[in-house]
Amino acid sequence: AGVGSCVAIGTTTISATSGLVSGNTTLTVLAPVLVSIAVAPVNPSVVFPGTLQFAATGTYSDSSTADLTSQVTWASSNTAAATIDATGLAASVATGPTQISASMSGVTGSTNLTVQ
């Protein structure tokens with residue numbers, strides 16, 4: 001019925017023939033592209049001294065999602081308030097606000113953290 005399914009990333013030629021008439025077209029299947037990163041929990045607070053685990057979820061161009069927590073680059077905008085390690089574990093340093101961000105493939109997601 002002219003319906004195909006993708007089985008791998010790449011390029012292929014699609015052909016159709018009806019009687020003496022035939023035609024070809026090229027089909028290219030691309031990998032989904034990361035379009036956004038959600039950082040959770042959203043706008044949390046943590047007491048000093050304390051720690052808080054963050055998670056990063058990526059959404060791709062095909063609407064699929066994936067846990068990217070261990071793949072993103074984590075950062076804190078105010079390391080005087082809190083630091084964050086490569087696993088997404090934030091540690092409070094002193095009271096104050098900071099923005100926690102997760103970046104990968106040119107895409108960044110963030111949330112605000114308040115250290116109390």
Side-chain angles (χ1 to χ4, degrees):
V3 177
S5 297
C6 299
V7 294
I9 296 169
T11 302
T12 189
T13 300
I14 306 293
S15 301
T17 302
S18 178
L20 298 174
V21 179
S22 64
N24 297 320
T25 190
T26 301
L27 173 67
T28 302
V29 178
L30 304 172
V33 177
L34 181 64
V35 294
S36 67
I37 298 173
V39 177
V42 176
N43 300 325
S45 60
V46 64
V47 295
F48 173 76
T51 59
L52 183 64
Q53 180 66 51
F54 284 89
T57 302
T59 300
Y60 290 85
S61 55
D62 65 353
S63 298
S64 64
T65 60
D67 179 1
L68 302 178
T69 303
S70 63
Q71 299 171 48
V72 295
T73 300
W74 291 99
S76 170
S77 66
N78 180 7
T79 56
T83 60
I84 190 160
D85 70 13
T87 69
L89 182 65
S92 61
V93 176
T95 59
T98 187
Q99 185 177 67
I100 300 297
S101 62
S103 301
M104 181 176 159
S105 301
V107 178
T108 300
S110 64
T111 192
N112 296 310
L113 170 65
T114 302
V115 179
Q116 300 176 340

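The model shown is predicted, which means the values in this text are computed figures rather than measured ones.
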Which pair of heavy atoms, one from Ala102 and one from Val39, lies closest together, and at what distance? CB-CG2, 3.9 Å
Apply side chain to side chain contact (heavy atoms under 4.5 Å, CB included) to the pair Thr69 and Trp74, showing each step before the final yes or no. CA-CA 9 Å; Thr69 303; Trp74 291 99; 4.1 Å; yes
Let me confirm one number: the CG-OG1 distance from Leu68 to Thr57, rounded to the nearest 0.5 Å. 7.0 Å
Of all the heavy-atom pairs spanning Ala31 and Ile9, show the shortest one and how long it is. CB-CD1, 3.4 Å
Give a yes or no answer on whether the side chain of Thr114 reaches the backbone of Ser45 with a donor-acceptor pair at less than 3.5 Å. no
Polar side chain donor-acceptor pair, Thr108 to Ser103, under 3.5 angstrom: yes
Paired with Leu27, the side chain to side chain contact (heavy atoms under 4.5 Å, CB included) test is passed by just one of Thr11, Thr12, Thr13, namely Thr12
Let me confirm one number: the OG1-CG distance from Thr65 to Leu34, rounded to the nearest 0.5 Å. 11.5 Å
With distance as the sole test, does Asn112 use its side chain to make a donor-acceptor pair with the main-chain N or O of Asn43 at under 3.5 Å? no
Within the side chain of Ser76, is there an N or O that forms a donor-acceptor pair under 3.5 Å with the backbone of Ala82? yes
If you apply the rule side chain to side chain contact (heavy atoms under 4.5 Å, CB included), what do you find for Val93 with Val115, and how did you get there? CA-CA 8 Å; Val93 176; Val115 179; over 6 Å; no
Considering all heavy atoms of both residues, which atom of Gln99 and which atom of Ser110 are nearest to each other, and what is their separation? NE2-OG, 3.5 Å
Do the side chains of Tyr60 and Ile37 join up, straight or via other hydrophobic residues, at under 4.5 Å, putting them in one cluster? yes
Donor-acceptor pair, distance only, cut-off 3.5 Å: does the side chain of Ser77 make one with the backbone of Thr98? no
As a test of understanding, state which of Leu113, Leu89, Ile100 forms a side chain to side chain contact (heavy atoms under 4.5 Å, CB included) with Leu52. Leu113
